[in-house]
Amino acid sequence: MHAMQYELTLPADYDMGVIRGRVARVGHLLDDWDGLGFKTYLLRERGVHGSPVNQYAPFYLWNTVEGMNRFLWGGAFQGLVNDFGRPEVLAWSGLAYEEGGSAGSPAVVAVRRRQRIAEGVALAAVMEDAVGETRRLAGEDGAVLAAAAVDPHRWELVHFSLWEHDTPKAEGDLFQVLHLSAPGRGVLPRGRQW
């Protein structure tokens, strides 16, 4: 399992209806993408849910590297690059994935929390804590799913969760979910990834 995200931070006066329209037009194109667990089309609007910025920031969980590479290098990603420029793509190796008690419900919001892993800590303990946090989040009322992943280059953890209501029991940046493409969600491996 591989996690991926890019962020397009837009001007404070940007018409976010442009992003909503874009997702309405093209969101379905990944609904059957081979190798994709899920893609959440995420939006933050300045002043909504405490967001300081306007931002479009899709988050992906991939079942296969081939599916991810075909998306990035095969032409699909180029449309976004042509319209907005080439963003930095963040990538993390999967640690854990769990379906929540509200797995059958549509997701309304997502929460993403990125955190640095301190020097000198026992890595095995940090990773086990991340797995435990994934289980905890998935067990909360209204949780659709939860995942954790790590970037060993920057030593950064990411916790990601989807919620059926806009009052999630998770800390981090809150995003509106515009669309969910989930062709391989059912085969994402559950639990600890090692």
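Each residue takes its place number in the sequence, starting with 1.
Within a 6.0 Å sphere centred on CG of N69, heavy atoms belonging to other residues, nucleotides or ligands number more than 12. More than 12 heavy atoms of other residues, nucleotides or ligands lie within 6.0 Å of CH2 in W194, so this atom counts as buried by the packing criterion.
Taking a cutoff of 4.0 Å between a charged side-chain nitrogen and a carboxylate oxygen, E45 and R20 qualify as a salt bridge. For R136 and E140, the salt-bridge test passes: some basic side-chain N is under 4.0 Å from an acidic carboxylate O. Between E171 and R112, no side-chain nitrogen of the basic residue sits less than 4.0 Å from a carboxylate oxygen of the acidic one, so the salt-bridge criterion is not met.
At least one donor-acceptor pair closer than 3.5 Å links the side chain of N54 to the backbone N or O of P11. Using a distance-only test at 3.5 Å, with no hydrogens or angles considered, a donor-acceptor pair links the side chain of S51 to the main chain of V53. Under a 3.5 Å cut-off, the side chain of H159 and the backbone N or O of A149 do not form any donor-acceptor pair. A donor-acceptor distance shorter than 3.5 angstrom exists from the side chain of T64 to the backbone of G67, with no hydrogens or angles considered. W155 contributes a side-chain N or O that, together with a main-chain N or O of P152, makes up a donor-acceptor pair within less than 3.5 Å. Between the side chain of S181 and the main chain of G27, a donor-acceptor pair closer than 3.5 Å is present.
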Please test E133 against E128 for side-chain contact (heavy atoms from CB on, under 4.5 Å), starting from the C-alpha separation and ending with a verdict.
CA-CA 9 Å; E133 176 66 358; E128 285 298 342; over 6 Å; no
Could you go step by step and tell me if F160 and R113 meet the side-chain contact (heavy atoms from CB on, under 4.5 Å) rule?
CA-CA 7 Å; F160 182 81; R113 180 169 49 100; over 6 Å; no
Take H179 and T40 through the side-chain contact (heavy atoms from CB on, under 4.5 Å) test and state the conclusion after the steps.
CA-CA 6 Å; H179 181 73; T40 52; over 6 Å; no
Please determine whether side-chain contact (heavy atoms from CB on, under 4.5 Å) holds for the pair L61 and M4, giving the CA-CA distance in whole Å, both sets of side-chain angles, and the decisive distance to 0.1 Å.
CA-CA 7 Å; L61 272 188; M4 183 179 94; over 6 Å; no
Report the C-alpha separation of F71 and Y60 in whole Å, then their side-chain angles, then the decisive distance to 0.1 Å, and conclude whether the ring-ring contact (aromatic ring centres under 6.0 Å, His included) test is met.
CA-CA 11 Å; F71 173 77; Y60 304 73; 5.3 Å; yes
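In this structure, the side chains of L157 and R116 stay at 4.5 Å or more apart for every pair of heavy atoms. Under the 4.5 Å side-chain criterion, counting only non-hydrogen atoms from C-beta, L36 is in contact with W62. The side-chain heavy atoms of R185 and L180, taken from C-beta on, include a pair separated by under 4.5 Å. Put simply, the side chain of I117 reaches to within 4.5 Å of the side chain of M127, judged on heavy atoms. In this structure, L162 and V109 have side chains that are not in contact, with every pair of non-hydrogen atoms separated by 4.5 Å or more. For the pair D151 and V158, the minimum side-chain heavy-atom distance is 4.5 Å or more. In this structure the side chain of V111 reaches within 4.5 angstrom of the side chain of P168, judged on heavy atoms. Side-chain contact check for T9 versus Q55: some heavy-atom pair is nearer than 4.5 Å.
One finds the CD atom of Q5 at 11.0 Å from the NZ atom of K39 (value rounded to the nearest 0.5 Å). Rounding to the nearest 0.5 Å places CG of L8 at 5.0 Å from CG of L80. Note that OG of S102 and NE2 of H165 are 6.5 Å apart. Values are rounded to the nearest 0.5 Å. We find the CG-CD distance between N82 and Q78 to be 4.5 Å, quoted to the nearest 0.5 Å. Note that the CG atom of L188 and the CZ atom of F38 stand 6.5 Å from one another [nearest 0.5 Å].
Taking the six-membered ring for Trp and the full ring otherwise, F84 and Y56 have centroids separated by 6.0 Å or more. Between F77 and Y6, the distance separating the two ring centers is shorter than 6.0 angstrom.
Paired with W163 under the rule side-chain contact (heavy atoms from CB on, under 4.5 Å), one option of V144, L137, L174, L145 passes, and it is L137.
A donor atom on one side chain and an acceptor atom on the other are not found under 3.5 Å apart for D173 and H49.
Clustering of Ile, Leu, Val, Met, Phe, Trp and Tyr side chains at separations under 4.5 Å places L29 together with V26.
Grouping the Ile, Leu, Val, Met, Phe, Trp and Tyr side chains by contacts below 4.5 angstrom, directly or via other members, places L10 with V23. Hydrophobic clustering (ILVMFWY, side-chain heavy atoms < 4.5 Å, transitive): V177 and Y97 are in one cluster.
Residue pairs meeting the salt bridge (charged side-chain N to carboxylate O under 4.0 Å, His left out) criterion with at least one partner in residues 74-87, sequence neighbours excluded, are R22-D83.
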Enumerate donor-acceptor pairs with a distance under 3.5 Å from any side-chain N or O in residues 87-95 to protein atoms, sequence neighbours excluded.
from	atom 1	to	atom 2	distance (Å)
E88	OE2	R154	NH1	3.4
W92	NE1	E156	OE1	3.0

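Geometric assessment of R44 against the ring of F175 yields a positive cation-pi assignment under the 6.0 Å and 45° thresholds.
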